[in-house]
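Worksheet: one structure, shown below.
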Amino acid sequence: MSRLLLLSSIVVSGMTLSATVQAEDQHSFAELDRVSTPHLELDLTVNFAEKQLEGTATYNVSRHADADELVLDTSDLTIHKTELWLNDKWQETPFTLAEPHETLGQKLTIQVGDSSEKVRIHYETAPTASGLQWLTPEQTAGKKHPFMFSQSQPIHARSWIPIQDTPALRLTYDATIRTPDQLRAVMSADNALTAERSDAYELSMPQPIPPYLIAIAVGDLEVKSISDKVAVFAESYIIDDAAWEWADTPKMIEVTEAMYGPYRWDRYDLLVLPPSFPFGGMENPRLSFITPTVVSGDRSLINLIAHELAHSWSGNLVTNASWRDLWINEGFTSYVENRIMEAIFGKRRAQMELALGYQDLLGDLETLAPADTVMNIDLGTRHPDDVFSQIPYVKGQLFLVYLEEKFGRDVFDAFLRDYFDAFAFQSISTEQFKNYLQQNLLAQNPGVVSMEKVDEWIHGEGLPEDAPRPTSDAFEQVEKQMMVWLKGGQLQTTEWTTHEWLHFINNLPLDISAVNLARLDREYALTTSDNAEIAHAWLKLSIIKKYEPARERLRSYLLSIGRNKLVAPLYRELARTPDNLKWAREVYQEARSGYHPLTQSVNEAILYQEGDE
C-alpha cells in the first residue's frame, strides 16, 4: 500500500493557502509521489464471445522523484507485454506481477527508466472481471444484441484497466473502442449524439478525473435529446419514457449553477442501463449511469437524478483522496441533492426526503459496529465497498445541515461555492477539508462552531447529541390516514408521492390482518405496482406476513431486477426461515446469471452464509 503525499496550493481571497497533508490510500499500490500517470490512451476491442476487453493502455509518465519504476494496480488481468516510447519507437521493457492480494489484486511494476515519457501495456481482461458485466441478448430488453457495462467504483477499474487505481490520482483520457458494427459504445466522455453506428468509436475526456470515474458501456443504444446540454442513451424500449421522466434535468443544472457555480463538464447525459445494474446510479462525468427502476412513470424518483447531477460538483469536481474520506463525496452530494429538490419541488418534498434519509441512517446506526459509524472511517485493508452505508451519505449530509443551521444559509452557501472553486479538479483528504473549514468559515465567524465539535462529527461514533433530527409533517398526515384506513376508512392518496407510499407501507403494523392486506392490495394493486420502490416495500411486507398472493410477483421481481438496494433486503428477509431460504436459493440460481458480480457476492453471502448460521 502506498502513502501518497498530497500537495495542494490554492488561492483563497487573494491569499495562497498551501497544505501539505500525508494521506494514506491503503487500497492502492500506486506510488504517486514517485511516478504518476496524468493521461491515458485506451485502445480496446470488445469481444462479446469471450467476454473480454483486449488491447492497450498507454500512459504519459510524470516523474516526481528519482524513480525508474511505475507501479499500477491490476485485478485478474493478463499482461502480455509492456513497452516504452524511446528514440521514436516502442521498445519492450520488463515488468513483474506480484502475488494476488485478497482485496487489492496484483501489483504491476514496470521498468520505465529515467527518460521515457510514455509506457504502453498490452493486456486482456478476464470474463470474471469484477468491474464489468456481460449480458447475453436474452438478458436485454431487445433480445437481439448483447450488452456490456462497467462499474469502476470504488476499486474495480483495475479489473479492466491496469491503472493507478486511487482517487488521489486525476487523469485525462482518450479512447478508441472497437465494437460489433451494430452496437454503440459510450463512455464517461464526449459521446457523439449521431444515430449512426460504427465499428470503432473515438472518445475523449479532457477534464482530469479520478480512475473510478472511467466508465464504458456497449449495447444496442439509441439517443434522444432533452435539451442542448442533456440527452438520454438507452435501449429503444425505454428511451421515450426515460426522456419524459427526466425532463427536469436541464432545470436542475440551472438551479445548481445558481447556488454553487458553473457546471464544468460541458454536457450532462444519462445512460439507462439494463435492470441488472447493481446501483441506483453512478455519477460518471458527462454520462451518469442510471438504473431503469427509477423510470417510474410519475417523476417521483427524480431525486436520484438530482443526486448524480450533484456529484458534478461534489465528488467529480472535488473528490475524496481515499475511500476513508468517502463522506467528502457523498455527504456533500446528499446535501446538494436535497437543495436541488427544494429549489425545484419545494421545501415540503425536500424535507420529506431528508426525513426518510434520517430514518435510514437510524437503521444503520442500530446495526453497524460503532467504529463503522465514524465518517472518516479507518478501513484498514477491508474492501472499500464496506464503507458504502448511510454514514458517509446521511451523517455527512446532516453535518452540513448542522453547519447551515449554525451559520445561516447565505453564509454557508457562499462558503460552499468558494470551496468548490478552491478545490476544483482536485482530490482532497479530510484533514485538508478541516483546514479549509477552519480558515474560511469557523475563523471568519468566531464562537459559532468549534473545531472540537467538527471533530466530534467527523471522527466520533454515532451522532452528536445536538445533531439535526429531520421530521416531516407529511408523514404525520400519512400516519393519521393509516389509522383511519385500519378502522375501515379510505385513503386519500391522490397527492401522495412515492415517499409517502413507502412511509405508509413500511410503517404498517406488523400484526396487520390478512384481510386488511388483501383489501389494501385489492384497492391499490400493490402486488402489480410498476413502481419498483413501492413494489419492493410491499413484497418485503408480503414475506414477513406470508402473503402468498404476492409470491409469484416476488419471484418475477427477483428475476428481473439486479439493483442491490432492492433485491438484497428481500433475500435477507427470505433467509430468516428454512422454507423461504430454500425457495430463495432456487430463485437465486435462476436469477444469478443476470446479476452483476457485485450483486452476486452480496446475495450469496446472505443465502449461503448468513442463511446457514
Side-chain angles (χ1 to χ4, degrees), residues 1-4 25-45 47 50 52-132 150 152 155-178 210-212 214 216 381:
M1 275 75 64
S2 61
R3 293 179 179 270
L4 307 177
D25 187 348
Q26 295 183 296
H27 296 95
S28 174
F29 296 112
E31 299 174 352
L32 298 189
D33 56 329
R34 295 174 62 77
V35 181
S36 62
T37 50
H39 182 72
L40 165 66
E41 295 175 32
L42 283 173
D43 190 327
L44 298 175
T45 297
N47 186 334
E50 301 297 330
Q52 288 180 314
L53 298 177
E54 183 175 7
T56 60
T58 303
Y59 288 104
N60 290 4
V61 175
S62 180
R63 292 173 177 81
H64 309 289
D66 184 15
D68 58 5
E69 293 180 340
L70 170 63
V71 179
L72 303 176
D73 298 296
T74 76
S75 177
D76 214 13
L77 296 180
T78 298
I79 308 299
H80 295 299
K81 68 176 178 178
T82 56
E83 299 172 303
L84 298 180
W85 183 252
L86 287 170
N87 302 320
D88 296 325
K89 63 180 179 179
W90 288 107
Q91 300 182 32
E92 196 162 346
T93 188
F95 70 89
T96 56
L97 267 177
E99 289 297 311
H101 183 280
E102 181 181 8
T103 302
L104 306 181
Q106 289 179 278
K107 176 181 178 180
L108 172 63
T109 303
I110 303 172
Q111 300 300 317
V112 294
D114 58 6
S115 60
S116 175
E117 296 180 352
K118 284 193 175 186
V119 60
R120 183 165 69 184
I121 305 106
H122 297 254
Y123 73 99
E124 64 184 40
T125 64
T128 54
S130 63
L132 300 175
S150 68
S152 296
I155 59 170
H156 300 287
R158 67 190 68 181
S159 75
W160 65 282
I161 308 170
I163 197 165
Q164 293 179 308
D165 198 7
T166 168
L169 173 70
R170 300 192 78 96
L171 76 170
T172 55
Y173 75 85
D174 298 308
T176 300
I177 307 299
R178 307 176 194 280
Y212 73 86
I214 303 175
I216 186 172
T381 56

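Just so you know, residue 1 is the first one in the sequence shown, and it goes up from there.
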Response to the item:
Nearest heavy-atom contact between A57 and L40 is CB-CD1, 3.8 Å
Worksheet entry | Closest approach of Y123 to L42 (non-hydrogen atoms, all atoms of both residues) | OH-CD2, 3.9 Å
Worksheet item: If only atom types and distance count, is the side chain of T56 paired as donor or acceptor with the main-chain N or O of R120 below 3.5 Å?
Response: no
Worksheet item: Do any N or O atoms from the side chain of S116 and from the backbone of W85 form a donor-acceptor pair under 3.5 angstrom?
Response: yes
Item to complete: Flag the pair D68 / D114 as yes when at least one side-chain heavy-atom distance between them is below 4.5 Å, and no otherwise.
Response: no
Response to the item:
d(I161 CD1, L72 CG) to nearest 0.5 Å is 11.0 Å
Worksheet item: Quick one: are P127 and E50 in side-chain contact, heavy atoms under 4.5 Å?
Response: no
Response to the item:
Output for pair (I121 CD1, T82 OG1), nearest 0.5 Å, gives 7.5 Å
Item to complete: Kindly say whether I214 contributes a backbone atom to a donor-acceptor pair with the side chain of S152 at under 3.5 angstrom?
Response: yes
Worksheet item: Between the main-chain N or O of E41 and the side-chain N or O of D174, is there a donor-acceptor pair closer than 3.5 Å?
Response: no
Item to complete: Look only at the side chain of R158 and the backbone of D73, and say whether a donor-acceptor pair between them is shorter than 3.5 Å.
Response: no
Worksheet item: Do Y59 and I163 pass the side chain to side chain contact (heavy atoms under 4.5 Å, CB included) test, and can you show the C-alpha distance, the side-chain angles, and the key distance before you say yes or no?
Response: CA-CA 9 Å; Y59 288 104; I163 197 165; 3.2 Å; yes
Discussion item. To the closest 0.5 Å, what do you measure between CD (E124) and CG (L53)?
Written reply: 10.0 Å
Worksheet, complete the sentence: Between L171 and P210, the two heavy atoms sitting closest are CD2-C, 4.3 Å
Worksheet item: Distance from L70 atom CG to S62 atom OG, nearest 0.5 Å?
Response: 11.0 Å
Worksheet item: Shortest non-hydrogen contact from H27 to L104?
Response: CA-CD2, 3.5 Å
Practice prompt. Work out which heavy atom in L169 is nearest to a heavy atom in S36; give both atom names and the distance.
Written response: CD1-CB, 4.4 Å
Practice prompt. With V61 as reference, evaluate L84, I110, V119 under the side chain to side chain contact (heavy atoms under 4.5 Å, CB included) test and give the passing residue.
Written response: V119
Fill in: Pairwise distance CD1(I155) to OG(S130) - rounded to 0.5 angstrom
8.0 Å
Fill in: Donor-acceptor contact present, side-chain T45 to main-chain R178, <3.5 Å
no
Worksheet item: So, does T74 use its side chain to make a donor-acceptor pair with the main chain of Q106 at under 3.5 Å?
Response: yes
Item to complete: Enter the distance from F95:CZ to K81:NZ here, rounded to the nearest 0.5 Å.
Response: 11.0 Å
Item to complete: Verify, without hydrogens or angle tests, whether Q164 (side chain) and V35 (backbone) share a donor-acceptor contact under 3.5 angstrom.
Response: yes
Practice prompt. Give the intermediate values and the outcome of side chain to side chain contact (heavy atoms under 4.5 Å, CB included) for residues I177 and L44.
Written response: CA-CA 5 Å; I177 307 299; L44 298 175; 4.2 Å; yes
Discussion item. Does any part of the side chain of T125, heavy atoms only, come nearer than 4.5 Å to the side chain of S159, both counted from C-beta?
Written reply: no
Practice prompt. Measure the shortest side-chain to side-chain distance between E31 and E69 over non-hydrogen atoms and say whether it is less than 4.5 angstrom.
Written response: no
Fill in: Side-chain donor or acceptor of Q91 paired with backbone N/O of L86 under 3.5 Å
yes
Worksheet item: Distance-only, no hydrogens or angles: does the E54 side chain make a donor-acceptor pair with backbone N or O of N47 under 3.5 Å?
Response: no
Item to complete: Check whether the side chains of H39 and T172 place a donor and an acceptor atom closer than 3.5 Å, and report yes or no.
Response: yes
Worksheet item: For the residue pair R34 and A67, what are the closest heavy atoms and their distance?
Response: NH2-CB, 3.5 Å
